[in-house]
Amino acid sequence: MEREYDLDLIITAPGVRYKLTMTDGSVLEVDNPSRWPDPSNIESIEEPVITAKILTNEEFVGGILKLVEENAAARRTSSTSLPPVS
């Protein structure tokens, strides 16, 4: 998008809700770091995870993989499903 449309991309962290299980067994949902409880009272932390399939032209794969890796994502596999169109 940067090259094609001469745009500056802004990537921000989405508002993520973390599910915290406390040492007393209670469960909290926290969406703001200022509301994070004392770490010594946290038994476990869960965060949302997605599995995504990205379909794109071969010429954009390198840039997309770079964005994925820079934003703490993990790539399981990559494949080409169709031959390039001439």
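Computation of the quantities below employed the complete heavy-atom set of this structure, encompassing side-chain atoms and omitting hydrogens, waters and symmetry-equivalent molecules.
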* To do: Rounded to the nearest 0.5 Å, what's the gap from CG on L28 to CZ on R17? Could you check?
  =>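 Interatomic distance, L28 CG to R17 CZ, rounded to 0.5 Å: 12.0 Å.
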* Asked: Is M22 close to L20 at the side-chain level, that is, under 4.5 Å between some pair of heavy atoms?
  ->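 The answer is yes; the side chains approach within 4.5 Å.
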Residues 40-50 side chain polar contacts: donor-acceptor under 3.5 Å, at least two apart:
| unit_1 | atom_1 | unit_2 | atom_2 | d |
| --- | --- | --- | --- | --- |
| S40 | OG | D38 | OD1 | 3.0 |
| S40 | OG | D38 | OD2 | 3.2 |

* Sequence neighbours left out, what pairs pass ring-ring contact (aromatic ring centres under 6.0 Å, His included) with at least one residue falling in residues 36-57? =>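 Every pair satisfying ring-ring contact (aromatic ring centres under 6.0 Å, His included) with a residue in residues 36-57: Y18-W36.
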* To do: Return the set of residues passing side-chain hydrogen bond (donor to acceptor under 3.5 Å, both in side chains) with N57 (not counting sequence neighbours), or none when no residue passes.
  =>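 So N57 forms no side-chain hydrogen bond (donor to acceptor under 3.5 Å, both in side chains) with any residue.
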* Please name all residues satisfying side-chain hydrogen bond (donor to acceptor under 3.5 Å, both in side chains) with S26, sequence neighbours left out, ordered by chain then number. =>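 Scan of S26 (side-chain hydrogen bond (donor to acceptor under 3.5 Å, both in side chains), adjacent residues dropped) gives D24.
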